[in-house]
Amino acid sequence: MSESDEISSTEDLGTLLKVRRDKLNQLREVGVDPFGSRFETTHAPGALRENFQESMTVRVAGRITALRDMGKSQFLDLSDLNGRIQVFVNKNAIGDEAWQIMKLLDIGDWIGVAGETFITKTGEPSVKAAEVTVISKSLRPMPSKWHGVVDPQIKYRQRYLDLIGNERSREIFRKRSLMVAEIRRYLQERGFLEVETPMLQDVPGGAAAQPFQTHHNALGMDMYLRIAPELYLKRLLIGGFEKVFELNRSFRNEGVSRRHNPEFTMLEAYWAYADFEKMADLVEDLICHLAETFCGGLQIEHRNSEGDVTKVIDLSRPWRRAPYRELVADVAGNDWWDLDTKAKRERCNQLGVEISPEMEDYEISQQVFEKLVEEKSINPIFVTHVSKELVPLAKTNVKDGSIVDVYELIINGAEISPGYSELNDPDVQRKRLEEQAGEEIQKIDEDFLLALEYGMPSAGGIGIGIDRLAMMLLGAESIRDVILFPQLKRKE
RNA sequence: GGAAAGGUAGCUCAGAGGUAGAGCAGUUGGCUUUUAACCAAUUGGUCCCGGGUUCGAGCCCCGGCCUUUCCA
């Protein structure tokens with residue numbers, strides 16, 4: 001492979017890039033491949049420091065994240081995702097040729113080190129290098145060594161720099177990954193099968209949201225990215241998959257905010273013969289299990305950038321369960337549900353809840369709920385039995401036909417998880433979807449309604465917003481801090 | 001879509017109409033147990049972009065781009 005020495009993007013950074021390019025060329029001149037390949041390791045930097053023993057012969061690889069040059073010896077920090085190990089390099093020990101190579105290394109370069117472990121006189125676990133292998137030369141300067149990257153644009157557009165520079169970000173994404181793995185394990189252990197259903201859908205269903213539209217050329221048809229996997233997972237219930245789940249990416253073509261990314265990760269699970277209350281038990285147990293495993297307990301502390309605790313979420317069980325109407329009445333007056341639409345509007349003015357003129361009666365109540373209940377609920381609460389209009393895919397309550405057998409789990413002022421007793425009557429389902437479709441101009445998924453006519457077992461279903469769950473458990477204030485590559489506007 | 005705040009060296013940030021600044025990073029020299037290494041010297045700028053006001057604009061005005069927060 002031949003490589004060009006002329007890289008146009010080196011012009012703008014001037015000297016800093018030129019210096020590193022010069023070192024790159026010097027490495028080649030002394031016969032060192034600046035972009036090496038395989039390097040066998042015996043230990044990883046973080047793990048080695050964690051389980052340190054003296055006088056071991058080790059081979060470690062990692063990125064140089066600090067370099068303290070003492071003249072005829074150097075200390076450098078070799079880092080991986082989980083931590084760092086100090087490497088001590090002595091001119092006499094490695095010889096003149098290798099020492100010359102050491103002088104061509106920078107913070108940011110990847111190297112492999114073979115040597116023996118020892119503890120310095122200041123007590124730092126270290127590796128005394130006998131041999132150093134260049135694994136990859138870094139041609140651009142690293143972020144500030146103790147501020148890391150602060151600029152949100154760089155943080156999100158060049159996440160790798162954020163990960164290199166910010167311990168906190170590494171921690172969030174490492175834990176998020178482990179949490180998702182644990183969710184899988186938890187469900188599989190309880191007999192749930194993980195499945196994959198279409199992201200490209202003919203009729204986007206399972207939620208009320210604007211879809212992204214696309215087009216299939218060969219089939220000559222417009223298609224949509226899914227807004228939820230729900231209707232396909234229910235088809236699997238019909239097919240006899242009694243416990244299923246999908247950890248899915250879904251897409252909603254709506255606003256972008258602190259709590260919304262156009263693509264987001266969701267868990268959906270369905271459990272035949274269960275109902276929404278059994279699903280609430282499951283979700284409560286799962287989230288507490290995650291908190292105990294990854295957050296050291298059920299008291300979740302959120303901290304600001306100075307490290308002061310700004311919020312404590314108490315996940316102690318049992319979590320409160322209360323009907324929607326009771327919660328709204330608590331904040332809007334015991335007579336709320338007896339008021340007509342006009343009186344509700346006046347009450348909203350008194351309460352300082354902004355509503356728009358075109359809102360229907362149930363939407364006004366929903367607005368009160370969102371502003372005065374949801375946003376103010378930090379500790380978990382299962383809000384049960386919401387108005388029928390809000391949830392067209394759940395069973396109507398037997399005693400009160402205006403509400404449905406569902407919960408909405410609120411934690412940290414945001415909806416984390418909905419759970420339903422799933423509607424399995426095909427005729428009622430058709431009617432409810434038609435009522436909703438009338439308002440939102442949505443297509444009815446006829447294929448789903450056909451499937452329902454073959455018989456869907458009674459079932460409980462849940463969704464869990466994984467991004468919001470991660471925010472809550474890991475103390476992130478923005479969804480962008482728990483999504484590796486959040487959506488941003490194109491630059492220029 | 002609307003409102004507010006922000007965009008200055010590679011990074012983090014000062015700069016309140018009068019010569020463009022600091023710390024870190026980089027470079028050079030010194031130093032063989034340092035860890036935000038230290039000591040000395042030093043390089044580095046399209047002040048987001050485009051107009052305007054002014055003798056003079058990083059700063060004031062107008063328009064645009066991007067980011068953040070709040071609202072819809």
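All values below come from the heavy atoms of this structure, side chains included, with hydrogens, waters and symmetry mates left out. Remember, it's a predicted structure, so these values are computed and weren't measured experimentally. Residue numbers start from 1 in every chain, and the chains themselves are labelled A, B, ... in the order their sequence lines are given, proteins ahead of strands.
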*Round to a whole Å and report the spacing from CE of A:M102 to P of B:rU32.*
16 Å
*Return the nucleotide paired to B:rU35: Watson-Crick means purine N1 to pyrimidine N3 with N6-O4 or O6-N4, wobble means G-U with N1-O2 and O6-N3, both under 3.5 Å.*
none
*In whole Å, what separates the P atom of B:rC61 from that of B:rG18?*
16 Å
Taking only nitrogen or oxygen atoms into account, show me every contact under 3.5 Å that the protein makes with nucleotides 68-72 of chain B, one pair per line with its distance.
from: B:rU68; atom 1: OP1; to: A:R480; atom 2: NE; distance (Å): 3.1
from: B:rU69; atom 1: OP2; to: A:R480; atom 2: NH1; distance (Å): 2.9
from: B:rC70; atom 1: OP1; to: A:R258; atom 2: NE; distance (Å): 2.8
from: B:rC70; atom 1: OP1; to: A:R258; atom 2: NH2; distance (Å): 3.4

Name the atoms and distances for all side-chain donor-acceptor pairs under 3.5 Å in residues 33-40 of chain A, with sequence neighbours left out.
from: A:D33; atom 1: OD1; to: A:F35; atom 2: N; distance (Å): 2.9
from: A:R38; atom 1: NE; to: A:E40; atom 2: OE2; distance (Å): 2.5
from: A:R38; atom 1: NH2; to: A:E40; atom 2: OE2; distance (Å): 2.6

*Quick one: which residue pairs count as a salt bridge (charged side-chain N to carboxylate O under 4.0 Å, His left out) with a foot in residues 162-172 of chain A, not counting sequence neighbours?*
A:K155-A:D162, A:R159-A:D162, A:E167-A:R170, A:E171-A:R174, A:E171-A:K175
*Can you tell me the distance, in whole Å, between the CG atom of A:N166 and the C1' atom of B:rU12?*
11 Å
*asked:* Tell me whether the count of non-hydrogen atoms from other residues, nucleotides or ligands lying under 6.0 Å of NZ in A:K311 goes above 12.
replied: yes
*Which part of the nucleic acid, if any, lies within reach of A:I154 when heavy atoms closer than 4.0 Å are counted: base, sugar-phosphate only, or nothing?*
sugar-phosphate
*Just how far, in rounded Å, is P of B:rG7 from NZ of A:K155?*
19 Å
_Could you check whether atom CD of A:E54 has more than 12 heavy atoms from other residues, nucleotides or ligands sitting under 6.0 Å from it?_
yes
*Counterpart base for B:rA22, defined by Watson-Crick or G-U wobble contacts under 3.5 Å*: B:rU12
*Is there a donor and acceptor pair closer than 3.5 Å between the side chain of A:N92 and the base of B:rU32?*
yes
*asked:* I need the CG-P distance between A:L161 and B:rU12, as an integer number of Å.
replied: 10 Å
_Test of understanding: with side chain to side chain donor-acceptor pair (under 3.5 Å), list the residues that count as partners of A:T65, not counting sequence neighbours._
A:S79
*Say you pick atom C1' in B:rA57 and the same atom in B:rA20; how far apart are they, in whole Å?*
13 Å
*Over how many whole Å does the gap from A:Q158 atom CD to B:rU67 atom P extend?*
14 Å
*Quick one: salt bridge (Lys or Arg N to Asp or Glu O under 4.0 Å) partners of A:R226, sequence neighbours excluded?*
A:E246
*asked:* In whole Å, measure the gap between the C1' atoms of B:rC59 and B:rG15 for me.
replied: 9 Å
*For atom C1', what is the distance between B:rC38 and B:rC24, given to the nearest Å?*
15 Å
*asked:* For the P atoms, the ones on B:rC49 and on B:rC70, what distance do you get once it is rounded to whole angstrom?
replied: 29 Å
*For A:Y160 and B:rC11, give me the distance from atom OH to atom P, rounded to whole Å.*
12 Å
*Using a heavy-atom distance cut-off of less than 4.0 Å, which residues of residues 58-80 of chain A contact RNA chain B?*
A:R68, A:D69, A:M70, A:G71, A:K72, A:S73, A:F75
*Any ring-ring contact (aromatic ring centres under 6.0 Å, His included) involving residues 323-347 of chain A? Give me the pairs, sequence neighbours left out, ordered by first then second residue.*
A:Y324-A:F369
*Is there a side-chain polar atom (N or O) of A:R490 under 4.0 Å from OP1 or OP2 of B:rC65?*
no
*A:T122 (side chain) and B:rU33 (base): donor-acceptor pair under 3.5 Å*: no
*asked:* With rounding to the closest Å, how many angstrom separate the C1' atoms on B:rG44 and B:rU67?
replied: 26 Å
*With sequence neighbours left out, write down each residue that passes side-chain contact (heavy atoms from CB on, under 4.5 Å) with A:Q158, or none if nothing qualifies.*
A:I154, A:Y160, A:L161
Please output the side-chain donor-acceptor pairs of residues 481-489 of chain A that fall under 3.5 Å, not counting sequence neighbours, one pair per line with the distance.
from: A:D481; atom 1: OD1; to: A:Y156; atom 2: OH; distance (Å): 2.9

*asked:* Distance check needed: B:rC11 C1' versus A:D151 CG, whole Å only.
replied: 10 Å
*Residues in side chain to side chain donor-acceptor pair (under 3.5 Å) contact with A:R20, at least two apart in sequence or another chain*: A:S138
*If only side-chain N and O atoms of A:K91 are considered, is one of them under 4.0 Å from the OP1 or OP2 phosphate oxygen of B:rU32?*
no
Would you tabulate the nitrogen or oxygen pairs shorter than 3.5 Å linking the protein to nucleotides 21-25 of chain B?
from: B:rA25; atom 1: OP1; to: A:K145; atom 2: NZ; distance (Å): 3.0

*Contact class for A:G165 vs. all strands (heavy atom < 4.0 Å): base, sugar-phosphate, or nothing?*
nothing
*If we call it a pair only when both distances are under 3.5 Å in a Watson-Crick or G-U wobble match, what pairs with B:rA5?*
B:rU67
*For atom C1', what is the distance between B:rC11 and B:rU54, given to the nearest Å?*
35 Å
*Say you pick atom C1' in B:rG58 and the same atom in B:rC13; how far apart are they, in whole Å?*
14 Å
_Using a strict threshold of under 4.0 Å (side-chain N to carboxylate O), is an ion pair present between A:E124 and A:R49?_
yes
*Within the 6.0 Å centroid threshold, strictly below: A:F75 and A:F88*: yes
*If you take atom types as modelled and just measure distance, does the side chain of A:T15 reach the base of B:rU43 with a donor-acceptor pair under 3.5 Å?*
no
*Could you check how far NZ of A:K103 sits from P of B:rU32, rounded to whole Å?*
10 Å
*asked:* As a test of understanding, state which of A:L76, A:V58, A:L78 forms a side-chain contact (heavy atoms from CB on, under 4.5 Å) with A:I85.
replied: A:L78
_Any side-chain N or O of A:K23 below 4.0 angstrom from OP1/OP2 of B:rU27?_
yes
*Classify the nucleic acid contact of A:K489 as base, sugar-phosphate or nothing, counting any heavy atom under 4.0 Å across all strands shown.*
sugar-phosphate
*State which residues pass side-chain contact (heavy atoms from CB on, under 4.5 Å) with A:H216; sequence neighbours excluded, sorted by chain then number.*
A:A218, A:L219, A:M221, A:M223
